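A quick note: this is a predicted structure, and the numbers were derived from the prediction, not measured. Letters A, B, ... mirror the listed sequences (proteins, then strands); counts begin at 1.
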Amino acid sequence: MTTLRFEDGTIHLATDLELSIPGVEADPRSGGYRAPAMEYAAIRDELERRGIEFEDTLALESDLPLSTTYDLREYQRAALDAWLDAGATGVVELPTGAGKTVLAVGAMAALSVPTLVVVPTIDLQDQWIRELETEFDVPIGRFGGGEQTQEPITVSTYDSAYLRADDVGGDFGLVVFDEVHHLGGQGYQDIPRMLAAPARLGLTATFERPDGAHEAVEELVGPRVYQLSVDDLAGDHLADYEIRRLEVELTPDEREAYEQAQETFVSYLRTSGISMQSGSDYQKLVMRSGNDPRAREALLAKQRARDIMMGSEAKVEHLSRLLARHRDDRVIIFTASTDLVYRIATRYLVPPITAETGTKERRQILERFRDGTYDTVVAANVLDEGVDVPDANVAILLSGSGSEREFTQRLGRVLRPKSDGSTAVLYELVSVETAEERVANRRR
DNA sequence: TTGACTCAACATCCTTTGCTACAA
DNA sequence: TTGTAGGTTTCCATGTTGAGTCA
């Protein structure tokens, strides 16, 4: 008799037959065959194709009473169809605010199998659970945030999924990865490997990663099956928007300090033979800095130069004009450093949010921003992703990285359609004749 | 139960000029 | 002809998160 069983994140195939299935290896210790759990569907298909009778101890197709009242928008319907046509595997890329959760609910209702939803933050976990409890008449389990309760539909953080996948990986027929680009991380890639779920849905607003790790995501979840950009939906389902770049000058003191720091960095590159053509060259420099004091000094100088161009006095000065112009608007100011957040908070009496802001205080600030008590907040990177941020119509990017993802996420914060149909505005403040001009171009 | 703390993991961190090999 | 990727393996700093521990 041939039997399929889930064991510690793997599929064990107990059989007397001689088999040769790609990805499946003989396991002499247990006297059978073994493969990562993600090969489950392929193994089952292969056994069926060869007409081999087998017992399947994984019950992934139990019929859950899932129905949805959501009326999918045209593009959501198209995305769902594309995913189903691809065999219920793959990634859907939709901009922030385009209703990725709704799409996932549609997918869950279409398959009606036990489902694991994996999300990056506790905040998102809370949102998903609220949404699923409203939509479906079944209990919703939770892995993470100090709770470990499993139900046919369970929402987990990536961290908890990593800890539990070897244990529960044989219990779900569908897995939904919210913000699926996180799966590019080395450790997180083990999560989909240890899950048997044949159906896999990845959701993101920014699929491609600069480090190329989206290729690993494609192998683990499936290729991108549907894609819409912000511009595809702006004006219809998202607000129209405008990007305004404002160029500011460094003060003479800042300029001198910037040029000096930059020269320290560049002259080290010249003498060390590092050509700095890609991220991996930068990595080489970082490694060298571990035992080469000059390399370390070069990196620290680069850091100083970054701080100067990103937090220049002229930017903070210019901010006062923007805040005056948008006195009646709802404004989020984004920076790349916590220092700058607190400088602005002190100078303009704007509530700050950084990683140091406790959960309770953070929730309070966002609640007051939502109800209109505050019309402006300033944040470092905390509001980029994974947080339910109230709608705003003006975003001011005082500083940021060259990451296209970060830019898209920040733009997404002002794109919820406005009741009066008005246009959202995103300001980018850039210090001229610094590396920031290049950084700003890259992220677009 | 809460808050403060530590720890591990992840992300970004880069330049600008020209060489070589290879694929489309 | 044109466009694009090209070797390495353990790490400067900063920002952020979730899990775990302890009082």
Side-chain angles (χ1 to χ4, degrees), chain A residues 118-126 142-148 156-164 179 181-191 206 209-213 261-270 272-307 309-311 334-342 352-362 379-387 399-407 409 434-439 441-443:
Chain A
V118 188
V119 303
T121 63
I122 303 278
D123 217 66
L124 275 178
Q125 185 177 45
D126 290 340
R142 181 197 288 264
F143 293 156
E147 197 180 316
Q148 297 290 325
S156 172
T157 60
Y158 276 85
D159 288 85
S160 282
Y162 179 75
L163 297 173
R164 298 295 310 272
E179 310 288 4
H181 49 269
H182 285 277
L183 277 186
Q186 282 296 320
Y188 290 162
Q189 289 182 21
D190 284 340
I191 301 169
T206 46
R209 295 170 44 119
D211 61 1
Q262 190 72 5
E263 177 55 30
T264 304
F265 178 70
V266 173
S267 75
Y268 176 78
L269 292 185
R270 267 199 300 267
S272 66
I274 295 178
S275 61
M276 203 53 74
Q277 286 170 322
S278 68
S280 63
D281 292 318
Y282 187 78
Q283 273 307 311
K284 198 155 50 179
L285 175 59
V286 170
M287 278 180 215
R288 226 182 254 194
S289 69
N291 52 23
D292 177 353
R294 287 188 59 233
R296 183 159 184 276
E297 175 51 29
L299 271 177
L300 292 176
K302 185 68 206 171
Q303 187 67 36
R304 279 199 300 278
R306 266 171 49 81
D307 286 347
M309 72 183 187
M310 290 187 161
F334 294 99
T335 82
S337 76
T338 50
D339 276 358
L340 188 53
V341 168
Y342 292 122
I353 305 179
T354 71
E356 296 163 14
T357 314
T359 317
K360 208 167 148 188
E361 188 185 352
R362 187 181 302 189
N381 303 319
V382 276
L383 300 188
D384 289 357
E385 182 193 289
V387 185
S399 58
S401 71
S403 159
E404 190 188 336
R405 167 163 304 121
E406 179 191 273
F407 184 81
Q409 285 164 341
T434 68
E436 200 172 36
E437 290 182 319
R438 207 168 33 245
V439 169
N441 288 335
R442 196 175 67 214
R443 65 178 164 234

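Checking A/Tyr268 against A/Glu263 by side-chain atom types alone, no donor-acceptor pair falls below 3.5 Å.
Across all strands shown, C/dT14 forms a Watson-Crick or G-U wobble pair, both distances under 3.5 Å, with B/dA11.
Contact annotation: A/Ser337 does not reach the phosphate of C/dT14 (side-chain N/O to OP1 or OP2, under 4.0 Å).
When the P atom is used for both B/dT17 and C/dC12, the distance is 30 Å, rounded to whole Å. For C/dT9 and B/dT20, the C1' atoms lie 25 Å apart once the distance is rounded to whole Å. B/dC19 and C/dT10 have their C1' atoms separated by 29 Å, with the value rounded to a whole Å.
The CZ atom of A/Phe334 sits 15 Å away from the C1' atom of C/dG15 (whole-angstrom rounding). Taking atom CD of residue A/Gln303 and atom C1' of nucleotide B/dC14, one finds them 12 Å apart after rounding to whole Å.
The pair A/Asp211-A/Arg209 meets the salt-bridge criterion, with a side-chain N (NZ, NE, NH1 or NH2) lying under 4.0 Å from an Asp/Glu carboxylate O.
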Footprint string (nucleotides 16-23 of chain C, 5' to 3'): B base within contact, S backbone only, - free, heavy atoms under 4.0 Å = SSSSS---
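Within 4.0 Å of A/Tyr162, counting heavy atoms only, lies no atom of the nucleic acid at all. No contact: A/Tyr158 has no heavy atom under 4.0 Å from any strand. As judged by a 4.0 angstrom heavy-atom cut-off over every strand, A/Arg306 is placed among residues touching the sugar-phosphate backbone only. No engagement by A/Glu297 is indicated, since no non-hydrogen atom pair under 4.0 Å with the nucleic acid exists. Contacts of A/Arg209 with the nucleic acid, taken as non-hydrogen atoms under 4.0 Å apart, involve only primed sugar atoms and P, OP1 or OP2.
Residues A/Val119 and A/Glu179 form no side-chain contact, since every pair of their non-hydrogen atoms from C-beta on lies 4.5 Å or further apart. Side-chain contact between A/Met287 and A/Tyr282: absent, with no pair of heavy atoms (C-beta onward) separated by less than 4.5 Å.
Of the candidates A/Gln303, A/Met310, A/Arg304, A/Gln303 is the only one forming a side-chain contact (heavy atoms from CB on, under 4.5 Å) with A/Asp307.
In terms of the salt bridge (charged side-chain N to carboxylate O under 4.0 Å, His left out) criterion, A/Arg362 has no residue partners (sequence neighbours excluded). Every residue two or more places apart in sequence or in another chain was checked for a ring-ring contact (aromatic ring centres under 6.0 Å, His included) with A/His181, and none qualifies. Taking the ring-ring contact (aromatic ring centres under 6.0 Å, His included) definition, one finds that A/Tyr158 meets it with A/His182, A/Tyr188, sequence neighbours left out.
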Considering only nitrogen or oxygen atoms on both sides, find all protein atoms under 3.5 Å from nucleotides 8-11 of chain C and state each distance.
none

Listed pairs, N/O of protein and of nucleotides 21-24 of chain B, under 3.5 Å:
none

Between A/Arg405 and A/Thr206, does a side-chain hydrogen bond (donor to acceptor under 3.5 Å, both in side chains) hold up when you go through it step by step?
-> CA-CA 6 Å; A/Arg405 167 163 304 121; A/Thr206 46; 2.7 Å; yes
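Mapped onto DNA chain B by nearest heavy atom, A/Lys360 and A/Asp211 fall at different nucleotides, with A/Lys360 at the one closer to the 5' end.
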